Amino acid sequence: MKQELSQEYKNRWPALAVINIGTFIAPFDTGIVSIVLPNIARDFRAHISIAIWVPVIYLIILAAFMTSFGRYSDIKGRKKFFNIGLLIFVAGSFLSGNAADIFQLLVFRIIQAVGGAFLLANGRALITDAFPPHQRGFAMGTHVTTIYVALALGPALGGVITDLVGWKTVFFVNVPIGIAMLVLSHFKVKER
């Protein structure tokens, strides 16, 4: 029985790392964009009443779709939609970094938020699946800590990145991380 249990949860620690890093990028992006908003408004010559929608639309989409995406993923497969979320988020990040005007950026932020909603809706469920009951508390604690670290690091790193290479780069930071986690997720995260 113990052998059976250990086989079922064999990849739990690598899976936790992949899920935590994969979900890190969604809240990280929330913090990072807030700090670069004045630069975005200035470069696109957008009034602040329009530019403020860059972070707001992202949060609205996250809040609106997380619950329904979570339920849909419960039915159709959590890992599959976690990976789809990574792919959509990376595509949205890449497009956001290449936006030609404020309105394109708003559309690309919606795409990014849809991916983020899939990530955040499935992260905790995948962790619950990956860990036996007696280790879930620790696993969830690291996951929640990762989210709050991401929220705290976003503004700090956003400022540094913007000063060094420009605000568009804050979107490109998500691309290599997301692609790496997509590949690792394929091998390390198990569907239950």
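Since this is a predicted model, take the numbers as computed values, not measurements.
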Should Ile60 and Phe89 be counted in the same cluster of Ile, Leu, Val, Met, Phe, Trp and Tyr side chains packed under 4.5 Å apart?
yes
Just wondering, are more than 12 heavy atoms of other shown residues or ligands nearer than 6.0 Å to CZ in Phe94?
no
N-O pairing of Asp129 and Arg78 below 4.0 Å:
yes
Ile32 reachable from Val165 in the ILVMFWY side-chain graph, under 4.5 Å edges:
yes
Say whether Trp53 and Phe103 are linked into one hydrophobic cluster, either directly or through other cluster members, by side-chain heavy-atom distances under 4.5 angstrom.
yes
Side chains of Thr162 and Asn39 only: does a donor on one sit below 3.5 Å from an acceptor on the other?
no
Side-chain heavy atoms nearer than 4.5 Å, only ILVMFWY residues, links allowed to pass through others: does that put Leu184 and Ile21 together?
yes
Please work out whether the ring planes of Phe24 and Phe28 are parallel, tilted or perpendicular, with thresholds of 30° and 60°.
parallel
Would you find more than 12 non-hydrogen atoms of other residues, nucleotides or ligands less than 6.0 Å from Arg71 atom CZ?
no
Mind checking whether Phe131 and Trp13 have parallel, tilted or perpendicular rings, split at 30° and 60°?
perpendicular
Check for me whether Arg109 meets the cation-pi criterion with Tyr58, that is, NZ or CZ under 6.0 Å from the six-membered ring centre and within 45 degrees of the ring axis.
yes
Give a yes or no on whether Lys188 atom NZ has more than 12 heavy-atom contacts from other residues, nucleotides or ligands under 6.0 Å away.
no
In terms of hydrophobic clusters joined by side-chain contacts under 4.5 Å, are Leu106 and Val36 together?
yes
I would like to know whether Tyr72 and Phe81 meet ring-ring contact (aromatic ring centres under 6.0 Å, His included); could you show each step before the answer?
CA-CA 9 Å; Tyr72 187 74; Phe81 285 101; 5.2 Å; yes
